[in-house]
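Contents: one structure, followed by commentary.
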Amino acid sequence: MSGPRIKAPRGTFDVLGEQAESRSALEVRARAILQGAGYERIETPAFEATELFARGVGEATDIVRKEMFTFEDAGGRSLTLRPEGTAPVCRAYLEHGMHKRRQPVKLWYLSSFFRHERAQAGRYRQFWQLGAEAIGSDDPAVDAETIVLLSSLLAEVGVRDVRLRLCSLGSPQTRGEYRERLQAHLRSHESSLAPEVRGRIEANPLRAFDSEHEGTRRVMRSAPRLLEHLDAGDRAHFEAVRELLDDAGIAYEIDSTLVRGLDYYTRTVFEFTSDALGAQSGVGGGGRYDGLIELLGGSPTPGVGWAAGIERMLLASGSSGGTLDSERSRDSGTGSAAAPVELFLARAEPRSAADRRTAFALLCAARSAGLRAQMELGGRSLKGQLSHADALGARYVAIVSERQASLRDMQEGRQEEIASDAVVHAVLRGLRTL
RNA sequence: GUGGGCGUAGCUCAGCUGGUAGAGCUCCUGGUUGUGGUCCAGGCGGUCGGGGGUUCGAAUCCCCUCGCUCACCCCA
């Protein structure tokens, strides 16, 4: 009397055997990288008030308009299975008063998300994402740090043929002005545009850059570019991010048509793609969202983060079945709590771009050398930086200026002046002789 | 869903019989004209869960509502 056999719903899957092992291995590596950089794990509920996404992600986005699994509970409240992670994390930041913690607050998650889309290779209705968010600082070094972390993770996981595209969307103000300019351009060529693009001129004109439609593409070639209309502050911020990435040896291409499908992005946006994937080539991406916390009812608070698809990373990492060798995994050691920092990079002049650049270069070098390192990202005074470093349990603090550094042993209270580029070596030597 | 308890700053709480909000911790700044852990000073931070009522006046009294929590029911 039983009916047809029940299968997993369209767009969902079971994780079995060696795939489960691959996922565990990926998680171990992600945790080592993110917790080593000072990120703390967060998990938020699988569903939230629908309004969180309507407001946070944006009414005009495809996600909110047609991809959410929304339902009512018995009390008539509208709830939605989370389609993305940033809005929930920001909601949690507000709900738990994290603005009172030392900024920026760095959080990471590995959770499943839900979008009601047509399933295809690398695209599912329930999918898993690894995400990282740094909330509470607008320092360009935070943008660069998050990008470098994702880059390291993709390399560590063995994702092949990775490319990074980078752009800046500017602040809400300049973006709004640009948006009007673009809308005017689209309207003046309306007859050549694809119908769906025409229908989005008011709601989401930026998406026109994504169109494959021939007429639309022609129109877009002559369209004004956002990058050319940034204001001085946004331009300086973007240049600083680029400079730090250059110093870190991260290759990227500037793509002024890079558009992410969420409304909250400001300034830096980026996407990593893998040519090893099919139509869904994005493996991870993110950007800055300086207006989101305020939109959700908080005071103005900057933030930046990214998310990367677990299934896509595994697909692009080689082994046909999406398997990741678990033997290579190295754990950073002690479970969930943040391990003490070995080297903290303070800035002699907190507002100096040159000091920031030196500190960031040392941060990358220290991490490459296997040190747990962090740098000042919160705009604190020097006293505040030392205090922050102490709270992180830092063993050494290097107070860097452009070429010189004061390397301080926080346990002994001793301090010596050395060349900036000798810092990492000195710390390695110091730790070895303990 | 039913019954009890509780909702004051991010956290822990004070605020008596109504006179229109305070402490400690945290975070930031300063004392130390560039240097942490102790100390001192200052600052940020509150629609007193929300709405209505009584009153000259409500965090305080009354009603409603929302949320949390414990118990019951049931369950991973």
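Just the heavy atoms: all of them, side chains too, but no hydrogens, waters or symmetry mates, feed the values below. We name chains A, B, ... by the order of the sequence lines, and we start the count at 1 in each one.
Within the 6.0 Å centre-distance limit, the rings of A:Phe71 and A:Phe47 are counted as a close aromatic pair. Side-chain rings of A:Phe13 and A:Tyr124 approach one another, their centers coming within less than 6.0 Å.
Taking the six-membered ring where tryptophan is involved, the planes of A:His116 and A:Phe69 are perpendicular, since the angle between them exceeds 60° and thus also 30°.
As rounded to the nearest Å, B:rA9 and B:rG46 have P atoms that lie 10 Å from one another. B:rA59 and B:rG22 have their C1' atoms separated by 12 Å, with the value rounded to a whole Å. Taking atom P on both B:rG5 and B:rC44, the two are 39 Å apart, rounded to the nearest angstrom. The same atom, C1', is picked in B:rU17 and in B:rC13; the two are 22 Å apart, to the nearest Å. Nucleotides B:rU32 and B:rG51 place their P atoms 48 Å apart, quoted to the nearest Å. B:rU26 and B:rC11: their P atoms are spaced 16 Å apart (whole Å). Using atom P as the reference point in both B:rC6 and B:rA14, the two lie 12 Å apart (nearest Å). Separation of the C1' atoms belonging to B:rG7 and B:rU33 is 49 Å when rounded to the nearest angstrom.
The partner of B:rA41 is B:rU29, judged by Watson-Crick or G-U wobble contacts that both fall below 3.5 Å. Using the Watson-Crick or G-U wobble rule with both distances under 3.5 Å, B:rC6 pairs with B:rG67. Applying the Watson-Crick and G-U wobble criteria (two distances, each under 3.5 Å), B:rA76 pairs with nothing in any strand. Base pairing annotation: B:rG36 forms no Watson-Crick or G-U wobble pair, as no partner gives both donor-acceptor distances under 3.5 Å. Pairing for B:rC56 is with B:rG19, a Watson-Crick or G-U wobble pair whose two hydrogen-bonding atom distances lie under 3.5 Å.
Judged purely by distance below 3.5 Å, without hydrogens or angles, the side chains of A:Glu48 and A:Thr80 never pair a donor atom with an acceptor atom.
When the P atom of B:rA9 is taken as reference, atom NE2 of A:His96 falls 15 Å away, rounded to whole Å.
Under the side chain to side chain donor-acceptor pair (under 3.5 Å) criterion, no residue pair touches residues 295-306 of chain A, with sequence neighbours excluded.
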Produce a footprint string for nucleotides 25-42 of chain B: one letter per nucleotide, 5' end first; B if the base is under 4.0 Å from any protein heavy atom, S if only the sugar-phosphate is, - if neither. -BSSSBB--BBBB-----

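Closest non-hydrogen pair, A:His237 versus A:Asp138, comes out as NE2-O, 3.0 Å.
Side-chain contact between A:Ser274 and A:Phe272 is absent, with no heavy atoms from C-beta onward closer than 4.5 Å.
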